[in-house]
Amino acid sequence: MDESRPAQPARTQPVQLLHTAAALREQPRGTGVRAVVMTMGALHEGHATLIRAARRRAGPQGQVVVTVFVNPLQFGAGEDLDRYPRTLDDDTELAAAAGADVVFAPSADEVYPGGEPQIRVAAGPMGTLLEGASRPGHFDGVLTVVAKLLHLTAPDLAFFGQKDAQQLAVITRMAADLNFPVEIIGVPTVREEDGLALSSRNRYLSVPERRTALALSAALFAARDRLAAEEALRARAASTGHAAQDRAAALAALGEDRAAADAHAVAYAAAGPPHGPSVARAAAQAVLDDAARLEPPLTLDYLALVDPSDFTEIPDSYEGEAILAVAAKVGTTRLIDNIRLVFGAGRSGPTPAHQGGTRTDAAPSDAPATPPSTTPQGPLGATR
């Protein structure tokens, strides 16, 4: 038994599979809180992690509702709405094993009884960047269905995966700006052993495509590790001061190349303002450039280092938490990933697990200790 994971409260009844809002309203809520996990189905371990986090927060007296709905509003022209996997029986089984009390799987007519809604929730400026730029109207569709499902399920808590960082940010902003009486909780990304972020789209990758796809996570880890190395140099520079530059010159004159190179690195870190963002971007870009030459190649959509509050690019002088996000295609499959980085003052200890005021629940770490090599080698929840 994994003692690091709290035992799941036992359910006294089997999971209920419901298809209508009326049936959900008739379902006893219990005496505790109601937690909801919104998914588009094709559930995997990433979703199970969300459900277990919801179960822990809801406790034995609360209720966990998992929604399964493939939302047509968030698919653009030419995207994979018809291709998106529908596996409701398997989804219900996984949800039950992870601790759900109810699986709410409404039809499109149930969610949109008059057809596509004429009134929708607009994501605003944040919804036009990155994923919003690549997929126009996507976040309007996400927020519209999330708003409707929040009304239909009436939860106290709603859990979303941090793998979809921009989605989590716009949902959090919507809940705050429109006064939804719900706490939005982000749960860290779940990864496979090789570092690839779990996604229902991973099943579309062939073996060679999967090897190429590992470049997404490898690029993020390279940025993280390069930033850590620079921070270590800056710490050494702070302890040695200007003496580092004199020592570098003296060692170079003596011909001690390796020691001189080390001293020069410390002196470089000591000179001028912090330049962590540019270093992180460059480290990630180098990995992605290499992956573009693989067979099959990785086709980059974007690599962006952004402020989590509004998803605008950060300057090199930035200090604080940021999100390094990447999107790319391998073959016909489009994948996204991200990692949280901290720049500047106070960067000691682990990266904070909060984003834009969104509290995060305990879950597996964002990355394995050793990043995988790249040589030869949704909404909702963690689905996209």
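What you see is a predicted model; the values in this text were computed from it and never measured. Throughout, numbering of the chain's residues begins at 1 and tracks the sequence.
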**Study point:** salt_bridge(Glu110, Lys148) N-O dist < 4.0 Å
**Key:** no
**Study point:** Test item: His138 side-chain N/O and Gln74 main-chain N/O as donor-acceptor pair under 3.5 Å
**Key:** yes
Review point. Taking NZ, NE, NH1 and NH2 as the nitrogens, is one of them in Arg29 or Asp156 under 4.0 Å from a carboxylate oxygen of the other?
Key: yes
Exercise for review: Please answer whether the main-chain N or O of Tyr84 pairs with a side-chain N or O of Arg86 as donor and acceptor at a distance below 3.5 Å.
Suggested key: yes
Study note, to complete from the structure: Value for CG (Asp289) from CG (Leu303), rounded to nearest 0.5 Å, stands at 9.5 Å
Check your understanding: If you round to the nearest 0.5 Å, how far is CZ of Phe311 from CZ of Arg173?
Key -> 11.0 Å
**Study point:** Gap between atom CG of Leu168 and atom CD of Gln162 - 0.5 Å precision
**Key:** 6.5 Å
Review point. Just by distance, do the side chain of Ser217 and the backbone of Leu214 share a donor-acceptor pair under 3.5 Å?
Key: yes
Study note, to complete from the structure: Note: Ala48 and Leu94 closest approach over all heavy atoms is CB-CD2, 3.9 Å
Practice item. Output yes when a side-chain donor or acceptor of Gln166 lies under 3.5 Å from a complementary backbone atom of Leu129, and no otherwise. Key: yes
Check your understanding: With distance as the sole criterion, is a donor-acceptor pair present between the side chains of Tyr302 and Glu131 under 3.5 Å?
Key -> yes
Check your understanding: Does Arg340 reach the main-chain N or O of Pro308 with its side chain, forming a donor-acceptor pair under 3.5 Å?
Key -> no
Check your understanding: Ignoring hydrogens and geometry, is there a side-chain-to-backbone donor-acceptor pair from Thr20 to Ala23 under 3.5 Å?
Key -> yes
Practice item. Using distance alone, with no hydrogens and no angle criterion, decide if Gln63 and Arg34 have a side-chain donor and acceptor under 3.5 Å apart. Key: yes
Check your understanding: Salt bridge check: are Glu45 and Arg191 linked by an N-O gap of less than 4.0 Å?
Key -> no
Review point. Looking just at side-chain N and O atoms, do Asp301 and Ser134 make a donor-acceptor pair shorter than 3.5 Å?
Key: yes
Review point. Is any NZ, NE, NH1 or NH2 atom of the basic residue among Glu183 and Arg57 found under 4.0 Å from an Asp or Glu carboxylate oxygen of the other?
Key: yes
Check your understanding: Counting only heavy atoms not in Glu313, do more than 12 sit closer than 6.0 Å to its CD atom?
Key -> yes
Check your understanding: Can you tell me how far the CE atom of Met174 sits from the OG1 atom of Thr144, to the nearest 0.5 Å?
Key -> 8.5 Å
Check your understanding: Between Asn338 and Leu324, is there a donor-acceptor pair closer than 3.5 Å when you use the side chain of the first and the backbone of the second?
Key -> no
Practice item. Before giving the answer on salt bridge (Lys or Arg N to Asp or Glu O under 4.0 Å), spell out for Glu192 and Arg210 the whole-Å C-alpha distance, their side-chain angles and the decisive distance to 0.1 Å. Key: CA-CA 12 Å; Glu192 301 193 39; Arg210 184 184 173 88; 3.0 Å; yes
Check your understanding: Does Asp337 reach the main-chain N or O of Val326 with its side chain, forming a donor-acceptor pair under 3.5 Å?
Key -> no
Check your understanding: What are the two closest non-hydrogen atoms of Ala197 and Lys163, and how far apart are they?
Key -> CB-CD, 3.4 Å
Check your understanding: At what distance, to the nearest 0.5 angstrom, does CZ of Arg56 lie from CD1 of Ile51?
Key -> 12.0 Å
Point to revise | Separation between NE2 of His44 and OG1 of Thr49, rounded to the nearest 0.5 Å | key: 9.5 Å
Review point. Between Phe180 and His151, does the ring centre distance come in under 6.0 Å?
Key: yes
Review point. According to a 4.5 Å side-chain heavy-atom criterion applied to Ile, Leu, Val, Met, Phe, Trp and Tyr, with indirect links allowed, do Tyr204 and Leu294 form part of one hydrophobic cluster?
Key: no
Check your understanding: So, the side chain of Thr39 versus the backbone of Thr67: is there a donor-acceptor pair under 3.5 Å, distance only?
Key -> yes
Exercise for review: Flag the pair Arg281 and Asp316 as a salt bridge only when some basic side-chain nitrogen lies within less than 4.0 angstrom of an acidic carboxylate oxygen.
Suggested key: yes
Check your understanding: Within the distance-only criterion (no hydrogens, no angle test), does the side chain of Arg226 pair as donor or acceptor with the backbone N or O of Ala280 below 3.5 angstrom?
Key -> no
Review point. Looking just at side-chain N and O atoms, do Ser107 and Asp109 make a donor-acceptor pair shorter than 3.5 Å?
Key: no
